[in-house]
Amino acid sequence: GLGLSFKKEENFGEWYSEVVVNGEMIEYYDISGCYILRPWSMSIWEIMQAFFDAEIKKMKIKNCYFPLFVSSSVLEKEKDHIEGFAPEVAWVTKSGKSDLEIPIAIRPTSETVMYPYFSKWIRGHRDLPLKLNQWCNVVRWEFSNPTPFIRSREFLWQEGHTAFATKAEADEEVLQILELYRRIYEEFLAIPVVKGRKSEMEKFAGGLYTTSVEAFIPNTGRGIQGATSHCLGQNFAKMFEINFENEKGEKGMVWQNSWAYSTRTIGVMVMVHGDDKGLVLPPKVASVQVIVVPVPYKDANTQGIFDACTETVDTLCKAGIRAEADFRDNYSPGWKYSHWEMKGVPLRIEIGPKDLANNQVRAVRRDNAAKEDISRVNLVEQVKRILDDIHQSLFDAAKQKRDACIQVVKTWDEFKEALSQRKMILAPWCDEEEVEQDVKERTRGEMGAAKSLCTPFDQPELPEGTKCFASGKPAKKWTYWGRSY
Ligand SMILES: O=C1CCCN[C@@H]1CCCn1cnc2ccccc2c1=O
């Protein structure tokens, strides 16, 4: 039948795979770890892209496009940033029947593709700042369990790559971009995130420091990195000789950033808001925000009902609301209700004989199934109010659930207990890397080890003498820990 065969609370993994397919977001592909993005998910990507692209254009960041292919000499230029990742690099070794002289890598990220040209283009301080972004796909041949949107061998992202004369400029941009990522999650996807800094162990090894927005999936009790904004320092400038002559004629290396968010955002949204009836789309990213369904009654004025539906769609569209009508005559209203609920359309409008007679429509919310009769007189402002309220209540519900998963701990025993309860753990930490390594080893198990998620910028008070939860040494900061994707 139409319904899902798995329940979110009982079989989360199967529920997720089924809901992205039944919601017509994803089609499974015959190569493992690769998925077809159908229009229902591509439209979500496009809406977020439109926002982010407009925002970075305000920051004078320009779009470009670099080749998909990377020569091995250049890719392996940076040993330590690539060493951990080497197994994930996909290589082209043949064309037709013949082997390539030298294998060519498919970009897993574009630092090594772009930075030899940054070196060529940046000569003097007038060439700075250089601020580029590209919207593209990247390939990482991962082996851990592939999951649509969350972990795939090819995904879409934007990657920003910027170069500045001073560290101060780089530091500022890192945070400006991170704020845009927070807005993507909280203002578009209605998902609460924590802004913070990654530990030395978890940061991008090729950079100076990494900031991120961290989300949490209550059903699996795992944190998930939502997006990252790295300050690369002068590490890549040194490697690729990206230097410039400043005003005083002195030679200096540039300060660089790189930052990305990807189609993983869509998977997080499905996991957080979806329910046993299917997808639940936050209105801001729904390609159809309102679906109008005619409810004809045997001898009632069917044409009048259809006309009212058409007029309702036109009125809403003229007001900038993304509305459509489902006039298909081979499906019943009840079938249509289930279908559009599965696809997560935020608001349904039903128009039957009674509604027609009373010059009203019956509005039904997807998030809480609340029904409301609305006069067609002030339809637009009522629908706008309801859509805004749906966004707010989705965010509030997700935040309440995420906050309920947060556990503050002071000792190792409390930490272990919270981890067994699948919590997102806030603990005082001595900030020593070998202690972090020790936490990973001591929590290794079939559920996966705990790792540090981020050190939140918003630090709670740390009383003098507070001990590190894992080492007993003097704590230096509060850090979030947990299992993660
Ligand atoms: O996050 C970002 C933001 C966008 C630009 N790249 C940085 C860092 C990417 C880190 N990374 C991640 N997976 C990889 C996989 C294979 C080879 C290299 C890499 C690699 O460098």
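Just so it is clear, the values below take in all heavy atoms, side chains as well, and ignore hydrogens, waters and symmetry mates. Just follow the structure's listing: the first ligand is 1, and inside any ligand the first atom is 1.
The nearest heavy-atom contact from the protein to atom 1 (O) of ligand 1 is H230 NE2, 2.9 Å. For atom 16 (C) of ligand 1, the closest heavy atom belonging to the protein is F85 CB, 3.2 Å. Among all protein heavy atoms, the one lying closest to atom 9 (C) of ligand 1 is T109 OG1, 3.8 Å.
For ligand 1, the atoms lying closer than 4.0 Å to a non-hydrogen atom of A260 are 3 (C), 4 (C). Which parts of ligand 1 touch P108 is read off a 4.0 Å heavy-atom cut-off, strictly below it: atoms 15 (C), 16 (C), 17 (C), 18 (C). Using a 4.0 Å cut-off to heavy atoms of T228, the atoms of ligand 1 that qualify are 1 (O).
At least one test fails for K451 against the ring of W481: distance under 6.0 Å to the centre or angle within 45° of the axis.
When T147, I217, N145 are each tested for a side-chain contact (heavy atoms from CB on, under 4.5 Å) with Y485, only one passes: I217.
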side-chain hydrogen bond (donor to acceptor under 3.5 Å, both in side chains) between Q437 and E433, intermediate numbers included: CA-CA 6 Å; Q437 183 55 38; E433 195 162 332; over 6 Å; no
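Put simply, the side chain of V268 reaches to within 4.5 Å of the side chain of R264, judged on heavy atoms.
In this structure a side-chain-to-backbone donor-acceptor pair under 3.5 Å is present from T210 to F204. A distance-only check finds no donor-acceptor pair linking the side chain of R402 to the backbone of A215 [under 3.5 Å].
For E88, no nitrogen or oxygen atom sits less than 3.5 Å from a nitrogen or oxygen atom of ligand 1, counting backbone and side chain alike. Checked by distance only, ligand 1 and E111 come closer than 3.5 Å through their nitrogen or oxygen atoms.
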